[in-house]
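When a residue number appears, it is its place in the shown sequence, counting from 1.
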Amino acid sequence: MSPARLCLGLLLCAACSQGTVIRVGTPPGAERTPPTFPTREEAPAAAAPLPDSSGWGTHVLAVAQAPEGAVWVGTYGQGIYVSRDGSGRAWENLRSRDSTSISWDFVNAIAFAPGEVWYGTIGNGWGVSRDGGRTWRNWTFDQLGPRWQYVAPEGIATAGDTVYIATADGLRITHDRGETYRDVTATEGLTSPYLIGLAVEDAAAGRPPRIRVRHLRGVSESSDGGRTWGLAKEASGGDWQEPFGAADRAPSDGRATGAPLLARIESQRRAFRTYANPGGATAEPGDLEHFWFRRPIDASDNPHLDQTYTYGSTMGGNFQQHQGVELNNPAGTPVHAIGDGIVIFAGTAEAGANAVAIRHDRRLASSHVFSTYYHNADLTVRAGQRVRAGDVIGHVGSTGRATNDHLHLEIRTLPTPDSAAVDMVFRYPRGTRNPQLWIAPLPGTGAIAGTVRDARGRRVRGARVYGVTKPLPRETPFSFAETYEDRAHPDPVFGEDFAIGDVPAGEYVLGVEIEGVRVFRKVRVDPGRVTQVEFRPPGVGTAGDAGPS
């Protein structure tokens, strides 16, 4: 897999009365102050403790307080913010710029060792600074190889000089500031190496701390420095998707201090992107859908899509346009056919990926429908074989162009049954469609399919659509949708410019910028249904495009 990536405060009174349109252009020489929006629970003065360079909100992923009192905040795509005195009156922004900077601006873990600051990322390893953040030593693909790239949410902890780093491939432990690492994986006794939580607890003098890691099968713990492991009886049940509770966090976690700034940032996280009600008509769920297919990964494993890099995404301009979706799971996890059909390809595809392609029995009008599964560790079917929905066709791996173990799933609609559903060279195959509109949404969720058009009715490419909040998966979170650029293809039924799947049922306010104007729409999502919504500049198109009149 390629490496993956609060608009809160006071809205101008005039804009509040209009509810939906904010012009963001700035006259020459003028200094722009991005507009922000109040939450339902918080007063504006208490709601914006962090800078907001985009005007759409700062997506907070990690918060920690250093021993000397500085507050460090990791964000989605905006690097690290540091308040040196812990007051929040002044912030430094640390971004990825060169070899002495942090490696990646998607920072989801921060921890402190004596004289050191450690950070971890979604998709590009981790790093340490020994001079308060002025310079950094980083461990990324060049140092780590394709594994260990994805750090778990708040997945770095320390005990004295020892640093523990939980990743999608297991736990890494260093006692010498990263010069060497000891790796803990399934071979060393972890029930699952795909880690999604970490806590390291203080221990009595002379004894190693207790280490607890959350994974897909519950919580494992070690009392001997990570050499032997067992399932934690009091924490093994329940839903693996739930984050660690307060009792599972290390006592050194800065949020336990009750510092006012940390409390305000945590409150901001809970109210993430809750925009003001724009008024106007609400886009309602419709009757169109073709959720014909099951998930390729069972619910007992990790059926959640990686939300940082869905179909058509570039992770905010950092990567090539994505032609499928990803499901992160440990190597060896069974991959299932999403529907009945004939295997038309089973073998080595682009860049050496083990791939399977299925032509399904169901057709959309005159088009044939294909699904393709990449990066498998091995394949259990052959070309010409008939499969049923749910049959195991391979196992998750990292063959081909992949970092970390995952399944890459594509769906295509093509005019002929013998169309090549796997291209050995071309990175952007014909006829791909957004799988989020084809595979069944998770229980209690639906989907949104939207169009974003300018005043002349043209597609607005590469725009970010904000406003949906998803609690899961925490390790690869959702921040915004992106409208399709030239390599993604609208669905034949919906003709969409963007789609968001697995949206928890409820009402949302979505916003997007079109030709220097922010346009907002209310949408309602029902389980198992698709809500279509249209965005156009004010005064253009159907009533409700710009909110209330």
In a check of side chain to side chain contact (heavy atoms under 4.5 Å, CB included) between Phe494 and each of Thr451, Leu437, Asn434, which one passes? Leu437
Are there over 12 heavy-atom neighbours, none belonging to Arg382, within less than 6.0 Å of that residue's CZ? no
Working note: Trp104 + Phe319, criterion ring pair (Phe, Tyr, Trp, His ring centres under 6.0 Å); need CA distance, chi angles, decisive distance, verdict. CA-CA 13 Å; Trp104 189 231; Phe319 298 108; 5.6 Å; yes
Exam field: side chain Arg217 to backbone Ser192, donor-acceptor pair closer than 3.5 Å: no
Taking the side chain from Thr483 and the backbone from Ala463, do they hold a donor-acceptor pair closer than 3.5 Å? yes
Please determine whether a side-chain nitrogen of the Lys or Arg among Arg536 and Glu534 lies less than 4.0 Å from a carboxylate oxygen of the Asp or Glu. yes
Taking 4.0 angstrom as the limit, do Asp301 and Arg295 come out as a salt bridge? no
Just checking, any donor-acceptor pair under 3.5 angstrom between side chains of [X] and [Y]?
{"X": "Ser313", "Y": "His322", "answer": "no"}
{"X": "Asp142", "Y": "Thr140", "answer": "no"}
{"X": "Arg433", "Y": "Thr413", "answer": "yes"}
{"X": "Tyr484", "Y": "Glu496", "answer": "yes"}

Over 60° means perpendicular and under 30° means parallel, so tell me whether His375 and His408 are parallel, tilted or perpendicular. perpendicular
Taking the six-membered ring of Tyr466 as reference, does the NZ or CZ atom of Arg273 fall below 6.0 Å from its centre and within a 45° cone about the axis? no
